[in-house]
Amino acid sequence: MPDFKMNRRQFGLGLAAAGLSMPMLSRPGLAAGSVTVATFPNAWEQAYRKVIVPMLAAKGTTLTIAPALTTAQIAKVLAAKQGSAPPPYDALLLSPGDIDIAVKNDLLAEVDPSKISNWSKLAPASQGKYGPTVTLEVDGFAYNPDVVPKPTSYKDLFENPAFAGKVSWTGFDSNTAIEFYSEIAKVYGSGPYDMDAVFKLFKDKKDFLGPIVDTTSHQMTMLQQGEIGVFMASTNNVAQLKALGAKAEFTSPDTGSPAVPVVIVMTKGATNPDAVHEYMDAAISADAQNVLQMPPTEYIPTNSDVKLAPGLAAYLTPETMSKLVYLDWGTVAQHRAEWTKQFDRVVKG
Amino acid sequence: MKNPAFPFLLPMLLLSLGGFVAPMGVLAFYSLSAGGNPGLFGNYAAFLEDPFNLWIIVDTVTLGFKVVVVATCLAVPIAMLYWHGGRRLRQTVVVLALLPMLASNIVRTFAWIVLLGRNGPLVAIADALGLIDGPRSFLLTEGGLVIALAQIELPLLLLPMIAVLSRMDRRLVEAAEMAGAGPWRIMFTIVLPLTLPGIIAGWILTFASAATNFVTQAAIGGARLIYLPQFLYRQVNILFDWPTASVVAFILIISTGSVILALAMLTRHPRLIGNA
Amino acid sequence: MQTHSQALTVNGLSHTYAGQPAVEGVSFHVAAGEIAALLGPSGCGKSTVLRAIAGLLPAKPGVISLGGRDISPLPGRERGIGMVFQNYALFPHMTVAENIAYPLSFRGWDRKRRQARVEELLATVQLGGLERRLPRQLSGGQQQRVAVARALAVDPALLLLDEPFAALDRALRLDLQIELVRLQQTLGITTVIVTHDQEEAQALASQLVVMNRGHIEQTGTPAEIYDHPASLFVNSFVGYAGKIRAVVESASAAGSTLKVSTGETLRLPRELRFAPGSPVVLTVRPERLSIVDRPSDFTLAGRLLVSTPLGPDVIRSIALADGTEIKLTEPRDLRRSPLESSAPLFIALDVVNLHVFPAGEAL
C-alpha cells in the first residue's frame with residue numbers, strides 16, 4: 001500500500017481531506033446524548049434502524065445511522081483526521097482487515113468494557129480491544145440450483161464442465177473475494193498467500209470463468225436474473241436473496257467456510273464515548289441479536305445467551321462451524337495493491 | 001469592473017472559485033507533490049509509464065466516442081421525427097426524450113442489466129435473427145455497455161437538437177424546396193447542418209457523461225472492462241492510494257476535457273455562429 | 001440574361017386551415033412579363049395564395065396555370081418558380097455564392113458552369129465581390145438582393161416575392177423598389193409580390209389584386225383601383241378616403257339627392273343605384289376636396305381642426321357639423337393668409353367622382 005502513512009507536512013492534503021470530510025458538517029449527532037454510527041448499507045442499515053435505534057431511544061440517546069461501505073468509512077474518517085476535523089462517525093462497522101488499516105492510521109479508540117454490561121456474554125475472541133464482534137460473516141458458495149448442481153469444492157468450479165462460464169468472480173476490491181482467492185491459493189498453490197497460483201489458474205481456465213464484476217451486490221442481481229450460477233457470498237447475502245424471492249442456496253466448500261468477524265469500533269475523537277458504549281451494548285444484547293438472527297438478516301449471534309434460530313442452524317451445521325477459516329488481514333493489506341494490479345492484467349478483456 | 005453585470009456574476013464566480021477551482025488547485029498540487037515518486041511529475045510518470053494504464057485512458061476515451069456515435073445514430077431519426085411531426089407528435093417526442101431523465105441513472109442501468117442479460121429480449125432477438133450462435137449474454141461486453149450508455153445518455157444529445165430544431169425557420173426548408181431540393185437533400189444540406197450546433201452541444205454532454213459514468217460502466221461493463229472512473233474509485237476507496245488517485249483524476253479531466261474542448265472549438269466555426 | 005416570361009392564371013383557388021377557410025374562390029390573371037401585387041391587410045390570405053402558387057400548399061380546389069400549363073399537381077420544386085421569402089430565408093451556413101448556387105446544384109451543371117452563372121447573377125444584383133460573405137455579414141438590402149439572385153438562379157418562368165421590403169428601413173425601401181422594377185423590366189419576368197403596403201404595391205405593380213378576408217375584392221391597375229374602387233374596403237385600404245354617412249332621398253337620371261348625417265342635403269348630378277331611404281357612405285379623396293367661401297348644393301359646412309404641411313401640400317383635418325372628421329389636401333399657397341384654427345368654412349365635394357357605397361359594409 002504505497003504512501004499509506006500520509007505525510008502531514010503537505011498542506012495540500014489537509015485541504016483535500018477537508019473537502020472529503022465535508023459531509024460531516026451537516027451531521028446531526030453533535031447534540032448531547034446522540035451518536036452517529038456507520039453501518040453497511042441496505043439490509044444492515046435497515047435492521048439497525050428497526051432494532052437498535054428504538055433500544056437507544058428508550059435510554060434517551062438518539063442514534064443516527066449513516067450507511068457506508070467499510071472502505072468509504074475509513075476514507076472519510078482518514079480524510080477528517082488529515083483535515084484536523086472531528087471524525088464524521090463516532091463508531092464504525094468493520095472487519096479485521098479494515099481494522100488493521102484504521103489502527104495503522106490511528107483512527108480508533110480503545111473501549112472500556114466496564115461500560116458495556118453485555119461484555120461478559122461474548123466469547124473472548126469477540127471481546128476486541130476497539131470494540132465487540134457483533135456477528136460473524138460466514139462465507140461460501142451462493143448458487144442457483146436451477147442453473148448449476150450444488151458445488152462442493154473449488155476444483156468443482158474450475159474443472160467440472162457443469163460450472164463452465166457459470167461462476168462469477170470479483171476483483172481484489174472485495175474482502176470476500178480475497179478470502180476465497182486465499183482458499184483457492186491453498187488448493188492450487190503453496191499456501192494462503194500464493195496468488196500467483198490463482199492468477200495462473202485464471203489464465204489456464206479462462207473458459208471456466210464466468211462474469212467478473214466489481215461488487216457482490218452486482219453478483220446478487222445477476223444470480224437473480226439467472227445470468228450466473230455461482231458466486232462467493234456470505235450467508236447474509238443468501239438470506240437477502242431468499243427474502244427477495246430469488247432461487248438461491250448456500251453451501252460451504254469442502255475445505256471450510258471463510259469467516260470474518262464484524263466488529264463495532266469507536267473512532268478516536270468520538271464526541272460522545274458513553275453513547276458509543278451504549279450503542280455497542282445494545283448491539284450485542286440478547287434482545288437485539290435474537291431479532292437480527294431471524295430472516296431477512298440472519299446475522300449470526302455472538303451473545304452466548306442467544307440460542308441459534310432454526311433457519312440459521314440449517315446453514316451453520318456443527319461441521320461448518322468447526323471448519324471456519326480465518327485470514328491474516330495484515331498480510332493481505334501488504335499485498336493488496338499489487339494483487340489488484342496483477343488481477344486487472346489477468347482478466348482485462 | 002466595467003461590466004455592469006459583474007455584481008450578478010459574483011456569487012457564481014465565488015462558488016466556482018471556492019467549490020471548483022480551489023479544490024482542483026489543491027488536487028493538482030497534491031498530484032504533483034504527494035507520494036513516493038521522485039520529481040515534480042513523478043506520480044504522472046509512474047502512472048503513464050505503464051502501458052496497461054495508457055490503454056485504460058485510450059479505452060475510456062474510445063468508449064466515449066463509441067457512445068457518441070451510437071447515440072447520434074439513435075438521435076438523428078428521433079429528431080427528424082420531431083421535425084416532421086405535428087404538434088401532438090412533437091410533444092410526444094419531447095416527453096419520451098425527457099422521461100428517462102426522471103429515473104435515476106442507477107435505475108436505468110439496472111433496467112439494462114435485465115435487457116442485455118442472457119434471458120433478456122436483446123439476446124432473444126439477436127438469436128432469432130441469427131446474429132449470434134445460441135444464447136449468450138450481452139452483459140459485461142463492450143457492445144452491451146455502449147448500447148446501454150447510448151440510451152442512458154440519449155436525452156443529453158436529443159434535447160439540444162430539439163431545442164435548435166424547434167427554433168429553426170421553416171422558411172429555410174421551403175426555400176430549399178423551391179430551389180429544387182428533395183426531402184433527403186433538404187435534410188442533409190439544410191436541416192442537419194443547421195442543427196449542428198445542437199448536435200455538437202449534445203456530443204459534448206454525451207461524451208463527458210458516458211466517459212465518466214462510473215455506475216453504468218461498473219454494472220454493465222464489469223471488472224474486465226476497466227475505465228478511468230472505476231480505476232479512480234478503487235484508488236480512493238479500496239487502496240487508499242490518494243496520490244495515484246489524484247493523478248488519475250487529472251488524467252481523466254485532461255483526456256475528456258481535451259476532447260470536449262476540441263468539440264467546443266468546432267462550434268466557433270463562422271458558418272455555425274448565429275444559426276442556433 | 002433572357003427569360004421565357006409566361007402568363008400566370010389562378011382559377012378558383014381555395015384553401016382551408018384547420019377547417020377554417022383561409023382563401024376562397026380566388027381567381028386572377030397576370031399577363032406575361034407583368035408585375036402583380038397581392039395587396040391586403042395581414043391575415044387576408046394573400047400569403048396563402050402566394051404559397052399555393054409556389055406549390056408549398058395544395059390548391060384544393062383550384063387550378064394554377066403558368067404559360068397555359070396546369071402546374072397545380074406539381075410539387076414546388078418542379079414548378080420552375082423562383083421565390084423570395086419574407087426575411088429572405090437565406091441559408092445562414094452558406095456563403096453568398098453557395099446560397100445562389102444552391103438551386104443550380106440540382107440541375108446537373110458542372111462546377112464551371114455553376115460558377116459562371118453565380119458570377120452573372122451577382123453582377124445582375126450588383127453584389128460582385130461579396131460572394132464569400134456569410135448572410136449575417138450582409139446588410140438587409142444586400143441580403144434581399146442575394147435572395148433575389150437565388151430565386152432567379154434557374155431562370156424561373158415566374159418570380160414570387162413575399163413582403164420583400166418589410167424588413168428594410170423606410171429610407172432604403174424606395175431605392176430597392178426602383179431597383180427591383182428595373183431588374184424585372186430588364187428580365188421581363190412575370191412577378192407576383194405580396195405586400196400589405198398599398199403605396200409599395202402601387203409603386204411596383206402594374207396590376208393590383210386587393211384581398212380581404214380570404215377573397216379578392218378587386219383586380220385592376222393601380223389607377224383603376226384608386227379611382228374606381230369596387231368596394232368601401234378597397235376605397236379605404238388603397239389611399240385615404242374620408243367617409244360621410246348619408247341616406248338616399250331620391251335617385252333618378254336627372255340627379256340624386258342625399259341627406260347627409262349632418263342634416264345638410266347634397267345633390268349629385270348622376271343617378272345612384274339605390275332605392276330612396278337606403279343608408280349609404282360617401283367616400284371622398286382628400287385631394288378632390290376644396291375649401292370654398294360660400295355654401296352650395298354640393299358643399300358641407302365644416303370647421304378646421306388642424307393643418308399639417310407635407311412637402312408642397314398641406315393636409316387639413318376638418319370636422320363636419322356632426323363631428324365626422326375628414327381630411328383634405330391642397331397645394332400650399334404661400335400668398336394666401338393661413339387659415340385660423342376652428343375657422344368655419346365650406347367644403348366643396350367633387351360630386352362627379354365621389355363614391356357611394358351601401359352603409360351595411362364594414363368600414
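Worth saying up front: this structure is predicted, and the values here are computed from it rather than measured. Letters A, B, ... mirror the listed sequences (proteins, then strands); counts begin at 1.
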task: Taking the side chain as every heavy atom from C-beta outward, state whether A:K348 and B:D59 have any atom pair closer than 4.5 Å.
output: yes

field: Separation of B:L239 CG from A:E338 CD (nearest 0.5 Å)
entry: 11.0 Å

query: Quick one: CG on B:N53 to NZ on A:K341, what's the gap to the nearest 0.5 Å?
result: 7.0 Å

A:K205 atom NZ, over 12 foreign heavy atoms within 6.0 Å: yes

- prompt: Is it true that atom CG of B:L10 has more than 12 heavy atoms of other residues, nucleotides or ligands lying nearer than 6.0 Å?
  reply: yes

task: Could you name each residue pair satisfying salt bridge (Lys or Arg N to Asp or Glu O under 4.0 Å) that touches residues 95-106 of chain B, not counting sequence neighbours?
output: none

message: Can you tell me how far apart NE2 (A:H218) and CG (B:L139) are? Round to the nearest 0.5 Å.
response: 6.5 Å

task: Identify which one of B:R234, B:Q230, B:R224 satisfies the side-chain hydrogen bond (donor to acceptor under 3.5 Å, both in side chains) criterion when paired with A:D344.
output: B:R234

message: Does any part of the side chain of A:T71, heavy atoms only, come nearer than 4.5 Å to the side chain of B:F240, both counted from C-beta?
response: yes

statement: One option among A:V213, A:D214, A:D173 has the most heavy-atom pairs under 4.5 Å with chain B, and it is A:D173

- prompt: How long is the span from the OG1 atom in A:T340 to the CD1 atom in B:I238, to the nearest 0.5 Å?
  reply: 8.5 Å

message: As an exercise, state the distance from CD1 of B:I113 to OG1 of A:T221, rounded to the nearest 0.5 Å.
response: 5.5 Å

Spatial distance of atom CD (A:Q342) from atom CZ (B:F52) [nearest 0.5 Å]: 11.5 Å

message: Counting heavy-atom pairs closer than 4.5 Å to chain A, which one of B:G117, B:P23, B:G25, B:G120 comes out on top?
response: B:G117

Minimal non-hydrogen separation, B:R118 against A:E227, with atom names: N-OE1, 2.6 Å

- request: Could you look at A:I74 and say if it's the side chain, the backbone, both or neither that has a heavy atom under 4.5 Å from chain B?
  value: both

- request: Give a yes or no answer on whether the side chain of A:Q225 reaches the backbone of B:N119 with a donor-acceptor pair at less than 3.5 Å.
  value: no

